[in-house]
Amino acid sequence: MPFYVTTPIFYVNAQPHLGHTYTTVIADAARRFFRMSGEETRFQTGTDEHGDKIAQAAAAEGVSPKEYADRISAMFREAWPNLAIEPDRFIRTTDPDHVATVQAALEKVHEKGDIYFSEYEGLYCVGCERFLTEKELVDGKCPDHLKEPERIAEQNYFFRMSKYQDWLVEHIKANPEFIRPERYRNEILAMLAEPLEDLCISRPKSRLSWGIPLPFDENFVTYVWFDALINYLTGLGYPDGPDFEKFWPGAVHVIAKDILKPHAIFWPTMLRSLGLAPYRGLRVHGYWNVDDTKMSKSLGNVVRPGEMVEKYGAAACRYFLLREMAFGVDSSFSDEAMTARYNSDLANDLGNLFSRSLTMARNFCDSRVPAPAAFENGDLELKEAAEKMVETFKREMRAWNFHRALAEVWLVIGMANRYIVNNAPWELAKEPEKRPRLDTVLHTLLACLRLIALCLFPVMPDKAREMWLSLGLNDREPDFSRDAAWDLLAPGTSLGQPAPLFPRLAKKKTGGKQQQPKAKSGKASNRKKDKGKENLIDISEFSRIDLRLAEIKSAERIEKSDRLLKLTVLAPEERTVVAGIAEHYSPDELIGRQVILVANLKPAKLMGVESHGMVLAIKDGGRLILSSGSERATPGSKVS
RNA sequence: GGCGAUGUAGCUCAGUUGGUUAGAGCAUACGGCUCAUAUCCGUAGUGUCCGGGGUUCAAGUCCCUGCAUCGCCA
């Protein structure tokens, strides 16, 4: 069946980060895998560009919404080629064909009678761009934006989603593969156990003009989901395009867990109303934390794909993302973890395996594929393991278990390294009568490397091609039907010259201590010396603490706490900090004061309020004195 | 508050339908090799499988309960 994989279209209110990168990398890897499995494939990603937030951000910059969207959208489009990500279509919700498709779809659903006009009254938060329920409010304010929502009564169009609820429940129950992993399927079934409300799909133009006008009422624009989700159809040329019939039955959407509900509930009911089959599958992944902390702008720990690729290269980044995260659950990124994977898996195990193999082929066989003689048990074991690897790899990739698929490949990489030591080709090379054995061993080894490279194509296309070419194979896209046989290396073929595939990365230096290799005898005494200095920290340890000047914008007491104040500070971005200073300072006298803030402290919830940093103060007996500079300075200035 | 997930070695995790002395990788220590990117190979470990109770000839695995962490819903 043709395979059509999509990422969500990413909202242009933020620049590409690790989360976007992961979604897009796995979509690309999956598409490469299915293409190599002989399927026709199509892969689409893009950007979502309408809405209040974009209009406001553009206004703040003094540009038009389209100009603003152009700029951010380009950042996404330009980020992907650096990671060997090759979508067939990069779609934008401002593309003319998309606007037309949204309107056509709305028209159709409207004609069917699944859209109705009704009044809605509620508390609207401009920041969230949505109505909030009373229960969501904290002290009458939106907990995310710390603003009181406005009470708005307005008339809007609604999609009769509830009409399709029973059908959807049946469909999910009848198709275990529809939503995966299973935890998310269960979550959706739990949500569907309650009656669904209909979906508001419009905003009056008076309040929001940056959107796609409703075809049946010029006074309204389409609100988020009927605009965004339709992109999956637009890209195939719905309703008449030649690709639509071919690819739609094989549609697989990759998403992060935050947009599960729209994709698992809104979208299938919309498709049903349109008279279309539901997509084939939804694949839901978890979040990437950074250094075990939520990734967030205010913490300044956002990982950008550009920086990551520059540091580690596209292949290593793709490998890490696919290997490190168990699909579906949250995982953690850190430079330490990345470096460890890079050095141990890529440089030491895989890279060195290729390097030593090609070197031996050069030294002992004149850089040509040798002809094998009789096989021994050890040879056959490696062969069987490599053949099994290909099968397991295919099975796990199909099941979206990328980490397991890769673990299987590395199992065989380990075996190949052991195979070399067990057979010691350098010993065989010393005795001319062992020539046939030497040839057999190196031939077996190279055949094994060929299958390893084959499996790695979807994961790291560029490096896999390097491996492939260095094995003397021709420069065409390999696939699993033609190339998965064990021995397709013609004796006599010339091989590439050995070169490090993944040069080792320098280990992170901890305070320069490890720069000098220590004589073994000196080790014990060094340790003792270090012990005496335990309380001293190195300058590098200090520099990990991000101290900044912050200006207090507002302050309020936290209910039921005598000591805590909730502060909103500028540093330079706005953030919420909880400080235990209520017994020493009143909220009023704090406004406008400048203090020193630990800006990269792990966020913590205190009395229900999440604090993003710590304000420094001096304890003098019973007194508490807030820290500050002796003169005023720009909020956000670094303290060092 | 309701529902659910997770809890296994210092770290990250695997443990299929209950079935020998509970595994892998990383990290650590020691030894070996020299083809290789200071790489590779071997050996050595450490575990109250979150606590408590139960079912069973047999429980990391099934049931009940408590705790912790996380998620979703309200």
Side-chain angles (χ1 to χ4, degrees), chain A residues 132-137 179 181-197 256-261 264-265 284-287 289 291-294 320 323-334 336-365 367 392 395-396 399 401 403-404 406-411 413-430 438 441-442 445-446 449 497-507 514 517 520 523-524 527 605:
Chain A
L132 306 177
T133 61
E134 300 273 359
K135 286 180 180 173
E136 282 179 279
L137 305 182
I179 302 169
E182 202 173 358
R183 56 197 309 166
Y184 298 108
R185 178 172 182 260
N186 294 339
E187 216 163 81
I188 288 299
L189 284 172
M191 278 185 221
L192 288 172
E194 304 290 320
L196 276 183
E197 286 186 29
K257 61 185 182 182
D258 57 333
I259 47 176
L260 175 62
K261 190 173 177 181
I265 298 180
V284 189
H285 67 77
Y287 285 151
N289 294 320
D291 298 325
D292 293 319
T293 313
K294 221 175 181 170
F320 181 88
R323 177 67 185 85
E324 191 77 5
M325 177 176 266
F327 190 80
V329 297
D330 291 358
S331 202
S332 199
F333 175 91
S334 67
E336 288 75 16
M338 177 82 212
T339 304
R341 283 256 175 240
Y342 183 102
N343 278 339
S344 73
D345 295 3
L346 297 176
N348 296 351
D349 293 348
L350 173 64
N352 183 54
L353 172 64
F354 264 77
S355 170
R356 66 197 304 210
S357 303
L358 288 173
T359 304
M360 286 188 285
R362 182 191 61 195
N363 294 350
F364 307 145
C365 303
S367 282
T392 307
R395 193 178 66 241
E396 297 291 8
N401 289 323
H403 65 302
R404 289 201 205 167
L406 284 169
E408 178 72 15
V409 175
W410 258 259
L411 216 63
I413 289 171
M415 286 185 74
N417 272 319
R418 279 188 290 277
Y419 176 80
I420 293 174
V421 173
N422 291 342
N423 290 286
W426 52 91
E427 295 294 338
L428 300 173
K430 287 177 188 162
L438 174 63
V441 167
L442 288 184
L445 181 60
L446 292 169
L449 296 191
Q497 290 301 307
L501 280 168
F502 296 97
R504 247 185 104 78
L505 296 173
K507 265 197 192 142
Q514 294 176 350
K520 270 191 181 173
K523 235 179 191 171
R527 264 193 198 149
K605 256 193 186 170

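For the numbers below, each heavy atom of this structure counts, side chains included, while hydrogens, waters and symmetry mates do not. The structure displayed is predicted, hence computed values, not measured ones.
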**Message:** Classify A:Arg341 by what it touches in the nucleic acid, base, sugar-phosphate, or nothing, heavy-atom distance under 4.0 Å.
**Reply:** nothing
**Message:** Under a plain distance cut-off of 3.5 Å, with no hydrogens placed, do A:Arg395 and A:Asn401 share a side-chain donor-acceptor pair?
**Reply:** no
**Message:** What's the gap between B:U8 and B:C49 when it is taken at their C1' atoms, as a whole Å value?
**Reply:** 4 Å
**Complete:** Among B:C35, B:U39, B:G71, the one nearest any side-chain atom of A:Asn348 is B:U39
**Fill in**
Which of B:C40, B:U37, B:C33 is nearest the side chain of A:Pro500? It is B:U37
**Prompt:** Looking for any heavy atom pair under 4.0 Å, which part of the strands does A:Glu408 touch: base, sugar-phosphate only, or nothing?
**Reply:** nothing
**Prompt:** Looking at A:Tyr287, does the NZ or CZ of A:Lys257 lie under 6.0 angstrom from its six-membered ring centre and within 45 degrees of the ring axis?
**Reply:** yes
**Message:** Distance check, P atoms only: B:A36 and B:U20, in whole angstrom units.
**Reply:** 45 Å
**Fill in**
RNA chain B nearest-nucleotide lookup for A:Leu501 and A:Ser331: closer to the 5′ end is A:Ser331
**Prompt:** Please give, in whole Å, the distance from B:C70 C1' to A:Tyr184 OH?
**Reply:** 11 Å
**Asked** Counting any heavy atom closer than 4.0 Å, what does A:Asp349 reach on the DNA or RNA strands: base, sugar-phosphate only, or nothing?
**Response** sugar-phosphate
**Prompt:** Where the side chain of A:Asn352 is defined as all heavy atoms beyond and including C-beta, which of B:C72, B:C35, B:U39 is the nearest nucleotide?
**Reply:** B:U39
**Complete:** A:Ser344 has its side chain closest, among B:C26, B:G71, B:G42, to B:C26
**Complete:** From the candidates B:U37, B:G15, B:U34, the one with an atom nearest any side-chain atom of A:Ser355 is B:U37
**Request:** Determine the contact category for A:Pro503: base if any of its heavy atoms lies under 4.0 Å from a base atom, sugar-phosphate if only primed atoms, P, OP1 or OP2 are that close, otherwise nothing.
**Result:** base
**Request:** Name the closest nucleotide to the A:Arg418 side chain, picking from B:C35, B:C41, B:U37.
**Result:** B:C41
**Asked** So what does A:Ala190 touch, heavy atoms closer than 4.0 Å: a base, only the sugar-phosphate, or nothing?
**Response** nothing
**Asked** Checking all strands, does A:Phe354 fall into the base, sugar-phosphate, or nothing category for heavy-atom contacts under 4.0 angstrom?
**Response** nothing
**Request:** Please tell me which of the listed nucleotides, B:G71, B:C73, B:U37, lies nearest to the side chain of A:Lys257?
**Result:** B:G71
**Message:** Among B:C72, B:C41, B:A36, which nucleotide has an atom closest to any side-chain atom of A:Glu187?
**Reply:** B:C72
